[in-house]
Number of protein chains: 2
Amino acid sequence: MKKATIHDICDLTGLSSGTVSKYLNGGAIKEKNRILLADAIQKLNYHVDEYARGLITNKTKTVGILVSRLDNLFYSRMIFDIEEQLYRKGYATIIKESSYDIQKEQKSISWFISHRVDALIIFPISDRREDYKLLEEVDVPVIFLDNYVEGVDRDFILTNNEQISYEVTDCVIKKGHRHIAIIVDGNNAYTSNCRLKGFKRAFDDNNIGEENAKIYKINQSIDYAYKVGKEILSEKKVTAIFAANYISTVGCVYLLNELNISVPKTISIVGFDDIMITSLYRPKLTIVNQPMAEIAQKTVERLFELLAEPSLKKQVFILNSKLVHGQTIATI
Amino acid sequence: MKKATIHDICDLTGLSSGTVSKYLNGGAIKEKNRILLADAIQKLNYHVDEYARGLITNKTKTVGILVSRLDNLFYSRMIFDIEEQLYRKGYATIIKESSYDIQKEQKSISWFISHRVDALIIFPISDRREDYKLLEEVDVPVIFLDNYVEGVDRDFILTNNEQISYEVTDCVIKKGHRHIAIIVDGNNAYTSNCRLKGFKRAFDDNNIGEENAKIYKINQSIDYAYKVGKEILSEKKVTAIFAANYISTVGCVYLLNELNISVPKTISIVGFDDIMITSLYRPKLTIVNQPMAEIAQKTVERLFELLAEPSLKKQVFILNSKLVHGQTIATI
DNA sequence: TACCAAATATGAAACGATTCATTTTTTTCT
DNA sequence: AGAAAAAAATGAATCGTTTCATATTTGGTA
């Protein structure tokens, strides 16, 4: 049994392909024929072939999302929000992941272009302009999230990483801590650097030598974060940990739970991105929250602006994170 | 600047479309021409138009996944595993979600068919055969996960829900509990019923009247689970809760944390699907684990069997869950 | 050099929809 | 009823690939 096409409908109804097409796309059809067509479509179990349609219309009503890791709740939650909004507007979402593999990221971008997505949302994993060269000659709207890439003339939606990191660190210092460790992502170049910068600036502004600022870089694995956390705990002087991304926050909380470490008596901790953390873990973590819903909202909003007017001047949007106080910073 | 096509490559190289196509698909080409083509493709920033290709080859190298909720970690984790394996085999994954809306589920199935996915993976939300009628006349391989639909002649991959639920309940009863509450999903008809059946059978086998078995149905919202949990706590007689899916487990743990309830002294609890639960929450939860990696593995394996031989006789696979003991069942 | 088989290259037809200039049918008005 | 205007239907051309039967080139051998 072969898939039914428009021609089969023509044969069955005696109407022409143009009329069938008009029906499928909601044009004006005589009532008699409308019924005829509805019946035929039902009878033949007809489905539009979007590949044939896309070929000629040059629109696919499809948005690609390229994410580094799907099993990172920070990303998947945001994607969930974005998908939901796109669906409402009649767009389908195609999700692919790069797994922090630049080769795979490029293959995915290429795949998306070949599949003619109408727009592309990327959580970039590289900070080198040439890794996104592929996109330069392509006139698909692209929005980058979570990370900046110097020299790429596209839209970016970011959060005030340096500022919030400064705020966290300053707060910890003000509570009397002098030896503080920060855990950042080694891959996530630009964003990590911002968080580091804010961290260091707080040391400077409080006149504390930067040699007291212990910096740890991890890759995007909870296990690795766990190990690094252990290493930090063995550093006797350190009294506070700033887990400056979601993965390291989860890793540290696992660790503290596992070793039954009394928080904040033994060690103080601040986390990043509260997704199921403060609800599950006690004491309640002091944690930075990036405005995920807002980011999703802004992304979709901007996406449609770009779809309507692709030549809009590129912009960088910076949204504000919030520090939510729990009970995990001790006052010394 | 228009998108480059094969014809542009022909013009630039002086070769024919057939040759270009052969090159793109890895055929034998003279070295001289191979270089010529590589250069031209680079220069023109050419990308294959998969819509044109798909139209004629009738293959899209694409698998659709239709999931009820993406922000349910039990599903998203499994999808992550499946996506990973499909990627390795050169297939792209398109994810859509139904949000427990049957209309949306059907629209998505229709979308997938129109977009000619080579295969389809569905986490069904209905247990009525006619809700999947769309698929009957379609010769795309389909695998259903997590839930059975009576009368649908397709492959299913499930877990031993009744058996494991029996095991849990029996264990709780053996520890002296007589009044036990179970929370199941009201939507998730077949699977929930299995879990309920096992629950009740344990009561019967232990000669405890079923009036002691308190049954609570929730929809797929953590907040609702939280509320139901509260209601259960107010039932003075109940000494143990069996949160028989991931959402209700999370909801209950939130609640117990929030109210600072001493577990298992005040109440005993068993959960379902340990994703970030036992690592974050103390005391360590006694919890049922479905073999997520195995399910993903089996799904992909079966998918490729069906792709190779679509007329294979349909099967129902049942994998085994495991009860992992923690410290949340009190002995009375 | 001439011949032949193997290796490459050619290009028209096909895939299944939409488009749009043209034709046919229906409606409205006198 | 007949003419004009409006509405609906027609169908050939088109989108950018792959396919495959045919034609051309290559290079080894007599």
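As a basis for the values below, the full set of heavy atoms in this structure was taken, side chains included, without hydrogen atoms, waters or symmetry mates. The chains referred to below are lettered A, B, ... by the order of the sequence lines, with proteins before strands, and numbering in each begins at 1.
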Compute the ring centroids of A/Tyr132 and A/Phe144, then answer whether they are less than 6.0 Å apart.
yes

Between B/Thr62 and B/Thr60, is there a donor-acceptor pair closer than 3.5 Å when you use the side chain of the first and the backbone of the second?
yes

Hey, which sits more toward the 5' end of DNA chain C by its nearest nucleotide, A/Arg53 or B/Gly18?
B/Gly18

Which nucleotide, C/dT18, C/dA12, D/dT17, lies nearest any side-chain atom of B/His7?
D/dT17

Tell me which nucleotide among C/dG11, C/dC15, C/dT8 gets nearest to the side chain of B/Ala28.
C/dT8

Interatomic distance where CG belongs to B/Asn58 and C1' belongs to C/dG16 [whole Å]
10 Å

Rounded distance in Å - CG (A/Leu55) to P (D/dA13):
18 Å

Give a yes or no on whether a salt bridge exists between B/Asp155 and B/Arg302, defined as a side-chain N under 4.0 angstrom from a carboxylate O.
yes

Between P of C/dA17 and NZ of A/Lys22, the distance in whole Å
18 Å

Among the nucleotides D/dT10, C/dA9, C/dT19, which one has an atom lying closest to any side-chain atom of A/Thr19?
D/dT10

Tell me the interatomic distance from B/Asn33, atom CG, to D/dT25, atom P, rounded to whole angstroms.
13 Å

So what does B/Thr57 touch, heavy atoms closer than 4.0 Å: a base, only the sugar-phosphate, or nothing?
sugar-phosphate

Verify the contact: side-chain N or O of A/Ser16 to OP1 or OP2 of D/dT10, cut-off strictly under 4.0 Å; return yes or no.
yes

Check this for me, if you would: do B/Glu50 and B/Lys59 make a salt bridge, where the nitrogen-to-carboxylate-oxygen distance has to be below 4.0 angstrom?
no

Which nucleotide in C/dA9, C/dA14, C/dG16 has an atom nearest any side-chain atom of B/Lys30:
C/dA9

Pairs touching residues 42-68 of chain B that satisfy ring-ring contact (aromatic ring centres under 6.0 Å, His included), sequence neighbours left out
A/Tyr51-B/Tyr51

Give one of base, sugar-phosphate or nothing for A/Thr5, where a contact means two heavy atoms less than 4.0 Å apart.
sugar-phosphate

Nearest-angstrom distance from the residue atom CG of A/Leu24 to C1' of C/dG16:
12 Å

What is the distance from CG of A/Leu15 to P of D/dT10, rounded to the nearest Å?
5 Å

Candidate nucleotides C/dT18, D/dC15, C/dA9, ranked by approach to the side chain of A/Ile6 - the nearest:
C/dT18

Would you mind reading off the distance between A/Asp49 atom CG and D/dG16 atom C1', rounded to a whole angstrom?
14 Å

When you get a sec, tell me which of C/dG16, C/dA17, D/dG16 is the closest nucleotide to the side chain of B/Lys3?
D/dG16

Could you tell me the separation between the NZ atom of B/Lys59 and the P atom of C/dG16, rounded to a whole number of Å?
13 Å

Contact under 4.0 Å: B/Tyr46 side-chain N or O vs D/dT17 OP1/OP2:
yes

